[in-house]
Amino acid sequence: MKTYTYKDNRYNNLYDLAEALAHDGTFIPRTISDTDLEQLGVVVAEAEEPIENIRARKIIELKRQRDAAEVEPVEYGGHLYDYDSQARDRIAAAIIALDVQGDGAKISWTTANNEDAVVTAQDLRMIIAAVAVRSNALHTAYRAAKAQVEAAQNKDEIDTISIN
């Protein structure tokens, strides 16, 4: 992260520096080089990013990993089943349709790896149960990783943390 010092004032971004220079009648393009800034009397320095920013960014990354893992196909009965939002809607509708047909009703279901599997309403409920177990494990791992991020003291420690 770059910082800019001009006339004993420190600026954390080029926009604020440009405004300060403009007050003195110097207008700069957004693409100005560090060398050109130095010729204008600006001291350009690399500052370490605040640990709070690094932590916040890592927590967002961990949430994205968790959320992506929650919609990956789930294994049940030797098959992989999709579990994205469209698949959840289809599963819910199929459970209702099979329940209406009564005990023993079955339907042919296309799995995540494009195979056919014959399933009952109970099978579909068990797929949802498998997802719930996985989801709980993912959320538990996320909370543990988040606590590690919050306790970490530097970027190198934070970079090693994952929900795996």
Side-chain angles (χ1 to χ4, degrees), residues 1-92 109-115 124-164:
M1 180 173 113
K2 290 187 181 183
T3 62
Y4 309 93
T5 304
Y6 177 68
K7 291 188 176 181
D8 296 325
N9 292 313
R10 184 174 174 196
Y11 303 94
N12 292 322
N13 59 66
L14 193 57
Y15 179 81
D16 292 339
L17 171 65
E19 284 189 348
L21 287 167
H23 285 297
D24 290 344
T26 304
F27 298 94
I28 61 169
R30 289 180 299 180
T31 57
I32 192 166
S33 70
D34 293 348
T35 304
D36 290 339
L37 286 171
E38 289 169 357
Q39 290 177 355
L40 295 171
V42 176
V43 176
V44 180
E46 285 291 331
E48 194 170 306
E49 184 176 15
I51 192 75
E52 297 82 20
N53 293 1
I54 297 168
R55 284 182 180 130
R57 189 171 49 253
K58 184 63 171 193
I59 289 169
I60 291 169
E61 176 188 323
L62 293 171
K63 283 181 184 178
R64 286 184 183 144
Q65 288 173 356
R66 177 201 64 201
D67 293 348
E70 281 191 304
V71 295
E72 289 180 358
V74 63
E75 194 278 327
Y76 170 76
H79 295 284
L80 286 175
Y81 293 88
D82 289 321
Y83 206 72
D84 57 17
S85 62
Q86 185 177 12
R88 286 190 301 271
D89 291 345
R90 289 180 56 235
I91 289 171
W109 196 267
T110 303
T111 65
N113 48 357
N114 212 28
E115 296 175 354
L124 295 174
R125 287 185 183 96
M126 293 303 292
I127 292 167
I128 294 170
V131 169
V133 168
R134 176 181 69 187
S135 180
N136 185 57
L138 286 167
H139 281 262
T140 300
Y142 165 76
R143 285 190 304 275
K146 181 180 177 189
Q148 289 176 335
V149 168
E150 290 168 344
Q153 297 301 308
N154 60 56
K155 183 182 183 314
D156 290 338
E157 282 182 60
I158 291 172
D159 286 345
T160 64
I161 299 168
S162 71
I163 60 170
N164 297 333

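Throughout, numbering of the chain's residues begins at 1 and tracks the sequence. These values consider heavy atoms only, across backbone and side chains, with no hydrogens, waters or symmetry-generated copies.
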Tell me, do [X] and [Y] make a side-chain contact under 4.5 Å, heavy atoms counted?
X	Y	value
V44	Y6	no
W109	I91	yes
R57	I60	no
E70	H139	yes
V71	R88	yes
Y4	N13	no
D34	K2	yes
K155	E49	no

- Message: List the residues meeting salt bridge (charged side-chain N to carboxylate O under 4.0 Å, His left out) with R134, not counting sequence neighbours, and say none if there are none.
- Response: none

- Note on the structure: Contacts of D36 meeting salt bridge (charged side-chain N to carboxylate O under 4.0 Å, His left out) (sequence neighbours excluded), chain-then-number -> none

Side-chain donor/acceptor of [X] to backbone N/O of [Y], under 3.5 Å:
X	Y	answer
R66	L138	no
D24	T26	no
Q153	A151	yes

- Item | Donor-acceptor side-chain pairing of N113 and T111 below 3.5 angstrom | yes

Counting only heavy atoms from other residues, nucleotides and ligands, does the tally under 6.0 Å from [atom1] of [X] exceed 12?
X	atom1	answer
E19	CD	yes
E48	CD	no
N154	CG	yes

- Message: Quick check: closest heavy atoms across T160 and D156, and the distance to 0.1 Å?
- Response: CG2-O, 3.3 Å

